[in-house]
Amino acid sequence: MKAKIRVRTIFSVLIILILGLPVILVVSPLSTRHFAPENIAVAFVENITEANFEEAKKLATPESAETIHLFETLVGSQSDELKNTPTRFNISRSEMNSSQDTLFINGKLFFANKHKLIRRIDIVLVNRNGNWLVDCRDNNIF
């Protein structure tokens with residue numbers, strides 16, 4: 001009888017681990033992934049390339065709004081073409097400054113379906129009150 005109880009206990013623990021561990025691994029990184037500076041940079045580039053300028057402004061410093069507006073004006077009627085051309089941004093390198101309030105990211109923007117390089121992009125993120133924001137006021141992205 002004790003052997004059956006032990007086997008059931010071990011089996012129950014294994015079932016809980018098999019079912020519970022993937023749920024924990026999937027759910028817990030979501031909260032940290034969203035706020036990681038590299039993910040902010042990727043989201044910013046995706047919003048710019050998809051002509052979602054209002055969303056891009058939310059991820060950038062207030063001083064960068066003028067640069068984003070300038071880019072939005074230059075893109076003008078091409079916004080539909082941008083939205084219909086899937087791209088992806090891959091980070092090649094990221095480097096934090098010594099005071100850990102600025103992150104420099106180098107990446108490559110590709111056409112998603114052709115794997116063709118569009119351009120290299122350098123992004124600067126700054127930490128403002130615990131939030132990472134893209135600083136593109138020097139027009140270092142476009």
Side-chain angles (χ1 to χ4, degrees), residues 3-142:
K4 284 185 179 180
I5 293 174
R6 246 187 245 157
V7 169
R8 285 183 185 162
T9 305
I10 292 171
F11 185 71
S12 299
V13 168
L14 287 175
I15 293 293
I16 290 170
L17 287 175
I18 290 171
L19 296 176
L21 189 59
V23 171
I24 292 170
L25 292 175
V26 169
V27 173
S28 67
L30 289 177
S31 59
T32 58
R33 250 190 292 172
H34 179 69
F35 297 109
E38 288 86 359
N39 292 324
I40 299 293
V42 170
F44 178 79
V45 172
E46 286 175 355
N47 282 313
I48 289 292
T49 58
E50 294 171 1
N52 295 329
F53 300 110
E54 291 304 315
E55 291 299 315
K57 286 179 187 175
K58 294 176 185 175
L59 300 172
T61 61
E63 300 86 8
S64 300
E66 186 176 324
T67 305
I68 296 170
H69 180 69
L70 173 66
F71 187 70
E72 182 179 9
T73 304
L74 292 173
V75 168
S77 63
Q78 298 173 357
S79 62
D80 288 336
E81 182 181 339
L82 282 174
K83 289 179 183 178
N84 295 327
T85 307
T87 60
R88 77 180 191 295
F89 179 66
N90 291 345
I91 295 176
S92 305
R93 185 176 67 104
S94 65
E95 184 178 324
M96 184 88 61
N97 71 345
S98 59
S99 61
Q100 297 195 353
D101 62 352
T102 305
L103 181 69
F104 304 96
I105 293 180
N106 305 102
K108 297 175 183 174
L109 185 64
F110 294 93
F111 286 114
N113 53 357
K114 298 178 185 176
H115 305 290
K116 181 181 175 187
L117 178 67
I118 300 171
R119 66 176 294 147
R120 295 179 193 281
I121 298 177
D122 297 327
I123 298 176
V124 177
L125 284 97
V126 294
N127 192 332
R128 300 261 176 97
N129 300 323
N131 294 319
W132 287 98
L133 300 171
V134 176
D135 184 5
C136 62
R137 61 185 154 173
D138 295 332
N139 201 11
N140 55 0
I141 294 176
F142 318 113

If you define the side chain from C-beta out and look only at heavy atoms, does anything of [X] sit under 4.5 Å from [Y]?
X      : Y      : answer
Asn47  : Leu59  : yes
Ile48  : Glu46  : no
Val126 : Trp132 : no
Arg128 : Pro62  : yes
Leu117 : Leu109 : no
Ile118 : Phe110 : no
Ile40  : Leu125 : yes

Tell me, please, which residues at least two apart from [X] pass salt bridge (charged side-chain N to carboxylate O under 4.0 Å, His left out).
X      : answer
Lys108 : none
Arg8   : none
Glu55  : Lys58

Problem - For Thr61, side-chain hydrogen bond (donor to acceptor under 3.5 Å, both in side chains) partners two or more places apart - result: Glu63, Ser64
Handout entry: Sequence-distant partners of Glu38, side-chain hydrogen bond (donor to acceptor under 3.5 Å, both in side chains), two or more places apart
Key = Ser94
Problem - Pro37 to Ile105 - nearest heavy-atom pair and separation - result: O-CD1, 4.3 Å
Problem - Distance, nearest 0.5 Å, that separates CE of Met96 from CG of Leu103 - result: 5.0 Å
Practice task
Output the distance between atom NZ (Lys57) and atom CD (Glu66), rounded to the nearest 0.5 Å.
Solution key: 10.5 Å
Problem - By side-chain contact (heavy atoms from CB on, under 4.5 Å) - contacts of Asn97 (at least two apart) - result: Ser99, Asp101, Thr102, Phe104
Completion exercise
For residues 87-96, the salt bridge (charged side-chain N to carboxylate O under 4.0 Å, His left out) pairs (sequence neighbours left out) are Arg93-Glu95
Practice task
Under the side chain to side chain contact (heavy atoms under 4.5 Å, CB included) rule, what do Phe44 and Cys136 come out as? Steps first, then yes or no, please.
Solution key: CA-CA 11 Å; Phe44 178 79; Cys136 62; 4.0 Å; yes
